[in-house]
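Read through the structure below, which is laid out as structure tokens, and then see the notes.
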Amino acid sequence: MAAAGLEILGMILTVAGWLGVMVACCLPMWRVAAYIGQNIVITQIVWEGLWMSCVVQSTGQMHCRVYDSMLGLPDDLQASRALTVVSTLLGVIGMALAVAGAKCTNCTSDRANKPRIMLAAGVTFIMCGLMLLVAVCWTANGIILDFHNPLLEETQKRDFGNSLYFGWGASCLLILGGAILSCSCSSKAQNNAVPKRVDYSGVKSVSVNGFDRRYYV
């Protein structure tokens, strides 16, 4: 019963984390314009994401442009894009493994393999969260270095966008959910390994030709 509860909790956390990965991947707000110096009062806001950059005017109009060349992007943005895509795919694989290894499903005929499948799902979700965490932290480190670069103009400096916060939250949910799924797998394996008690009270001596065996030497 405890293993089933851990499975449900782990799957809820991992699904929520995977949805956070999708939001962080699609939302063009990894870098936003920094409000410092002469850039405090501005008529437009600049957003930069993994796939496009957007400019929001003070009138509310927004214009977005997809990046023309992938090779022309900064190294941290290229790496973040690749890591986020791989993290998304690992999340899909992890959900498929979690469904196959759950106690309430019949995706596999051998129920003894379910703990191993659930363990694989937990490890996959942990890898998914770590990849997203690396992508977000890499981008955040680049933003911090550019922000404190005295050679860079104030209009070119950027601040943390909402996508980074979504990424940090999603990576924590994925790592925590994957760890819980792995713990549920170990508890299921322990339950399956408990030996059954044999009742010897019903064993009686066998008689041959009407005589008890204790009369034989």
Side-chain angles (χ1 to χ4, degrees), residues 10 13-37 39 42 44-56 62-95 97-98 120-182:
L13 292 177
T14 51
V15 170
W18 184 78
L19 292 177
V21 175
M22 296 296 294
V23 172
C25 181
C26 299
L27 195 65
M29 295 183 68
W30 284 63
R31 302 168 180 258
V32 297
Y35 299 96
I36 55 174
N39 207 27
I42 55 178
Q44 62 183 16
I45 303 174
V46 179
W47 295 346
E48 296 178 1
L50 295 178
W51 313 100
M52 65 182 69
S53 61
C54 298
V55 176
V56 182
M62 183 172 64
H63 303 278
C64 295
R65 182 177 63 87
V66 180
Y67 297 130
D68 297 329
S69 175
M70 178 179 176
L71 299 178
L73 299 176
D75 295 337
D76 58 343
L77 189 58
Q78 294 183 28
S80 299
R81 178 187 287 191
L83 289 172
T84 306
V85 171
V86 174
S87 178
T88 305
L89 296 177
L90 284 177
V92 175
I93 297 173
M95 284 190 290
L97 291 174
V123 173
T124 303
F125 279 121
I126 292 175
M127 292 176 57
C128 174
L130 289 176
M131 285 192 173
L132 179 63
L133 185 62
V134 170
V136 173
C137 291
W138 196 339
T139 302
N141 181 63
I143 293 174
I144 294 174
L145 293 178
D146 291 341
F147 188 86
H148 295 289
N149 186 4
L151 302 179
L152 200 62
E153 296 181 2
E154 294 178 348
T155 55
Q156 296 179 346
K157 294 183 178 181
R158 297 292 180 260
D159 203 346
F160 294 164
N162 293 336
S163 295
L164 296 183
Y165 298 106
F166 275 112
W168 278 316
S171 60
C172 292
L173 291 176
L174 286 168
I175 295 174
L176 180 60
I180 290 176
L181 290 178
S182 300

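Predicted model only: the values in this text are computed from it and were never measured.
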Identify each donor-acceptor pair in which a side-chain atom of residues 123-134 lies under 3.5 Å from a protein atom, sequence neighbours left out, and give them as a table.
residue: Thr124; atom: OG1; partner: Ala120; partner atom: O; Å: 2.7

Output the distance between atom OG (Ser163) and atom CD (Glu48), rounded to the nearest 0.5 Å.
12.0 Å
Spatial distance of atom CG (Leu173) from atom CG (Leu19) [nearest 0.5 Å]:
10.0 Å
Walk me through whether Phe160 and Ile143 qualify under side-chain contact (heavy atoms from CB on, under 4.5 Å).
CA-CA 7 Å; Phe160 294 164; Ile143 293 174; 3.9 Å; yes
Shortest non-hydrogen separation from Gly178 to Thr14 and the atoms involved:
N-CG2, 3.8 Å
Shortest non-hydrogen contact between Trp30 and Gly49, atoms and distance:
CD1-CA, 4.0 Å
Is any side-chain heavy atom of Met95 less than 4.5 Å from a side-chain heavy atom of Val15?
yes
Output side-chain donor-acceptor pairs under 3.5 Å for residues 164-172, partner residues at least two apart or in another chain, one line each.
residue: Ser171; atom: OG; partner: Gly167; partner atom: O; Å: 3.1
residue: Ser171; atom: OG; partner: Trp168; partner atom: O; Å: 2.8

Decide if atom CZ of Phe147 counts as having more than 12 heavy atoms of other residues, nucleotides or ligands within a radius under 6.0 Å.
no
About how many Å separate CE of Met52 and CH2 of Trp47, when rounded to the nearest 0.5 Å?
12.0 Å
Taking all heavy atoms of Leu13 and all of Gly177, pick out the closest pair and write down the distance.
CB-CA, 4.0 Å
Atom pair CG/CG of Leu151 and Asp146 - distance to nearest 0.5 Å
11.0 Å
Is the backbone N or O of Leu50 less than 3.5 Å from a side-chain atom of Arg81, with the two atoms forming a donor-acceptor pair by type?
yes
Heavy atoms of Gln78 and Leu73 approach each other most closely as NE2-O, 2.9 Å
Of the non-hydrogen atoms in Gly94 and Ala121, which two are nearest, and what is the gap between them?
O-CB, 3.7 Å
Spatial distance of atom SG (Cys54) from atom CG (Leu27) [nearest 0.5 Å]
9.0 Å
Whether Arg31 and Asp76 form a salt bridge (side-chain N of Lys/Arg under 4.0 Å from carboxylate O of Asp/Glu) is what I want to check.
yes
CH2/Trp51: more than 12 non-hydrogen atoms of other groups inside 6.0 Å:
yes
Can you tell me how far CG of Leu181 sits from CG of Leu176, rounded to the nearest 0.5 angstrom?
9.5 Å
